[in-house]
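The structure appears right after this line, and notes come after that.
Just the heavy atoms: all of them, side chains too, but no hydrogens, waters or symmetry mates, feed the values below.
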Amino acid sequence: YIGSHVFGARIFPNVWALGINVGDMTLDEATTALQRAWSDVQIELVDGERSWSLSPAELGMRLDARATAEAARDVGMGGIPFGWEILPTVAIDILRAQNTLLDMTEIIKIDPYNAGYRWVNEVLIGVPGSEGRYLDVALTMETLTQNLALVADRGRLDLVMTPVRPEVTNPQPYIEEARALASRPFQLYGYDPFSDQRVAWSTDRDTFTSWIEAGANGLTLREETFAPFLEAQTETLRQIDPLRYIEPTDAMEKMRQAIARGASEVNLRIRYRTSTYTVQRGDSGYRIARNLGVPFYLIQQANPSRDWDALLNPGDQINLPSVDAVVPLDPIPNKRIIVDLDTQQLWAYENGQLVFNWLISSGMDRAPTSPGIYQILNHSPTARGSSVELCGDNSCGTWEMYWFMGIYEVFPGLVNGFHGAVLLPNGAYLGGNNVGSRFTYGCIMSRDDEARLLYEWADDGTIVEIVGSGFTPRSELARRSLAGTAAGVNVAQHYTDLALLNA
């Protein structure tokens with residue numbers, strides 16, 4: 001019997017590896033059997049009562065089935081009568097294992113829980129803070145490599161976790177503020193500055209309370225419980241327009257500020273992703289920019305390798321920047337300025353009510369005003385400008401613009417905006433300080449007294465919607481304004497009344 005195993009190159013009976021009995025098998029048979037068994041092996045990553053299952057390959061582990069079979073053969077008769085179990089021969093790809101653990105850190109981690117609050121019936125109680133745990137990748141890798149065969153044999157890797165203490169464990173110092181805040185309805189509004197639409201989101205008392213935690217200096221936002229709500233609202237917006245979203249960092253900062261000051265509502269900005277445009281017959285870069293309401297230089301920046309002097313081919317894809325690029329400040333939701341380049345009129349609204357309506361002058365054909373949706377970027381009671389038309393052999397003349405408010409960059413460093421009277425180098429006023437036709441160098445000019453009214457009324461961040469041929473109204477206020485013009489409302493009557501009043 002012994003001879004048959006020795007000369008037949010068979011493994012002696014009762015020898016085990018990877019949970020299977022390889023006794024009485026030849027080396028080839030045992031190698032095949034071990035390879036099949038290895039394909040079913042799962043490694044459980046364990047942290048207390050939590051566990052995650054991975055294949056050995058995901059952890060970079062490779063079985064040397066032949067070497068394992070030979071190790072079983074070397075046991076000889078040691079498995080008789082009680083059995084003998086050998087550890088498998090395993091190699092590891094260190095980089096693969098490390099990357100897998102790094103990828104799992106966010107899944108595995110338990111954030112520390114700062115002191116918070118919850119309702120029990122109608123009573124708000126404090127919830128003490130608790131410790132969190134983060135995966136220590138370096139020490140877990142050390143455990144894996146030093147016990148590689150054992151991990152493979154048992155199918156278990158105990159994770160090494162680092163405890164993390166919460167910043168605040170005691171909820172009591174702020175429980176009265178939390179009760180006052182959580183007892184009132186809390187309203188969230190999403191504002192789209194481009195369509196001028198406001199979306200209202202509400203939540204129940206218990207959910208809102210779960211968003212509050214005790215911070216080092218007062219109440220603040222618990223990000224991990226607020227984030228799923230934010231993602232759900234973004235998904236709702238995306239169903240209407242796939243480009244719309246709420247930027248999490250900005251939204252969470254606004255929520256922190258609202259909670260800190262005990263506010264019962266917050267305005268969150270709706271933003272837009274970048275997109276693409278399919279070139280149509282007759283398109284040029286300049287035409288695309290005007291029709292989409294984006295300054296041409298931004299489209300150039302989004303397509304750095306394209307030769308804009310060459311003809312565009314129908315069907316070509318053009319990268320478009322996010323329209324948010326021209327609305328960098330937090331928008332003012334209750335104020336909006338409408339400008340119609342076709343009728344040379346301006347309307348200003350506050351809380352949906354008309355505040356101002358008068359004639360303006362926009363850019364001439366060789367220096368046109370760009371349609372689009374922008375915002376008031378800054379205020380300057382006096383600004384200076386110039387043009388190549390004012391340049392001589394040695395110098396350029398400059399003009400002064402009163403009550404200037406920047407609204408968009410034509411290209412970096414050159415800003416078009418609203419202004420009043422323009423004092424030219426020769427002492428005359430541009431257009432004789434009259435308005436109603438296109439003769440500026442791209443800005444939107446009002447009569448000086450009216451420009452001052454607009455200057456003092458419009459805050460930085462106020463949205464400016466400039467419409468005209470090729471760029472149709474995006475907001476209901478703009479549609480309402482243009483409908484009034486189409487119905488025969490003549491703003492020139494305003495100037496007749498004003499002249500009579502002055503007389």
Side-chain angles (χ1 to χ4, degrees), residues 50 106-107 109-132 166-193 195-272 330-334 351-352:
R50 304 184 306 153
E106 286 298 311
I107 300 171
K109 77 173 184 178
I110 298 177
D111 286 316
Y113 181 87
N114 280 335
Y117 307 91
R118 63 184 175 90
W119 292 92
V120 177
N121 297 322
E122 295 301 313
V123 178
L124 184 75
I125 64 171
V127 180
S130 58
E131 199 173 69
E167 293 181 4
V168 179
T169 57
N170 183 10
Q172 295 306 315
Y174 309 116
I175 194 165
E176 291 304 322
E177 291 93 327
R179 183 179 294 112
L181 181 60
S183 296
R184 304 192 307 268
F186 190 87
Q187 192 72 48
L188 298 96
Y189 296 100
Y191 179 65
D192 184 337
S195 65
D196 196 32
Q197 293 177 338
R198 206 176 191 208
V199 183
W201 301 306
S202 57
T203 186
D204 61 84
R205 183 186 66 179
D206 290 341
T207 299
F208 176 68
T209 304
S210 73
W211 297 347
I212 303 173
E213 68 177 19
N217 301 306
L219 297 178
T220 189
L221 175 69
R222 191 181 301 278
E223 294 184 5
E224 62 269 22
T225 56
F226 178 64
F229 175 87
L230 203 58
E231 292 170 4
Q233 306 320 313
T234 291
E235 182 58 35
T236 301
L237 293 171
R238 191 180 295 123
Q239 291 173 4
I240 300 172
D241 185 338
L243 296 181
R244 298 205 300 178
Y245 73 103
I246 300 173
E247 204 285 311
T249 301
D250 176 65
M252 288 184 180
E253 178 58 28
K254 287 183 170 60
M255 280 293 295
R256 273 192 291 272
Q257 294 173 4
I259 290 171
R261 65 176 183 268
S264 56
E265 67 175 50
V266 66
N267 286 297
L268 306 180
R269 176 173 173 176
I270 297 173
R271 297 177 182 272
Y272 283 77
D330 276 345
I332 306 296
N334 66 325
N351 297 320

Scanning both residues in full, the closest heavy-atom pair of Y191 with I332 reads OH-O, 4.3 Å

Minimum side-chain heavy-atom gap F229-L188 below 4.5 Å
yes

Angle class for the F208/F186 ring planes (parallel below 30°, perpendicular above 60°, tilted otherwise)?
parallel

CA sep, side-chain torsions, deciding dist, call: Q233, L268, side-chain contact (heavy atoms from CB on, under 4.5 Å)
CA-CA 11 Å; Q233 306 320 313; L268 306 180; over 6 Å; no

Rounded to the nearest 0.5 angstrom, the CG-CD distance for L237 and Q239 is 9.5 Å

Taking all atoms of both residues into account, what is the closest heavy-atom pair of G126 and Y117, and its distance?
CA-CD2, 3.9 Å

Using only atom types and a distance under 3.5 Å, with no angle test, would you say the side chain of T225 pairs donor to acceptor with the backbone of S210?
yes

Minimum heavy-atom separation for A214 and N170, please, with both atom names.
CB-O, 4.4 Å

Any side-chain heavy-atom pair of V168 and E213 under 4.5 Å
no

Are the side chains of T169 and P128 in touch, meaning some heavy atoms are under 4.5 Å apart?
no

Would you list the pairs meeting side-chain hydrogen bond (donor to acceptor under 3.5 Å, both in side chains) in which at least one residue belongs to residues 179-188, sequence neighbours left out?
E176-R179

Rounded to the nearest 0.5 Å, how far does OG of S264 lie from CD1 of I259?
12.0 Å

Look at D192 together with R244 and state whether they make a salt bridge at an N to O cut-off of under 4.0 Å.
yes

Find the distance between CZ (R261) and CG (L219) and round it off to the nearest 0.5 Å.
13.5 Å

Taking all atoms of both residues into account, what is the closest heavy-atom pair of A115 and P171, and its distance?
CB-N, 3.5 Å

Quick one: does I212's side chain get under 4.5 Å of Y174's, heavy atoms only?
no

With side chains defined as the heavy atoms from C-beta onward, is the minimum distance between L230 and M255 less than 4.5 Å?
no

More than 12 foreign heavy atoms under 6.0 Å from CD of E131: is that the case here?
yes

State whether the side chain of T234 and the backbone N or O of E231 hold a donor-acceptor pair below 3.5 Å, judged by distance alone.
no

Give me the one residue out of T249, N267, D330 that meets side-chain hydrogen bond (donor to acceptor under 3.5 Å, both in side chains) with K254.
D330

CG on N334 to CG on N351, rounded to 0.5 Å:
4.5 Å

Got a second to check how far R271's CZ is from E247's CD, nearest 0.5 Å?
6.0 Å

dist D241:CG -> Q197:CD (nearest 0.5 Å) comes out at 10.0 Å

Would you say that I270 contacts Y245 through its side chain, given a criterion of any heavy-atom pair below 4.5 Å between the two side chains?
no

Please step through side-chain contact (heavy atoms from CB on, under 4.5 Å) for the pair T236 and W201, ending with a clear verdict.
CA-CA 11 Å; T236 301; W201 301 306; 5.6 Å; no

Please, which pairs that meet salt bridge (Lys or Arg N to Asp or Glu O under 4.0 Å) have at least one residue in residues 114-125, sequence neighbours excluded?
E122-R205

Should the heavy atoms of other residues, nucleotides or ligands under 6.0 Å from CG of D204 be counted, would the total exceed 12?
yes

Which heavy atom in P331 sits nearest to a heavy atom in P193, and how many Å separate them?
CB-CB, 3.9 Å

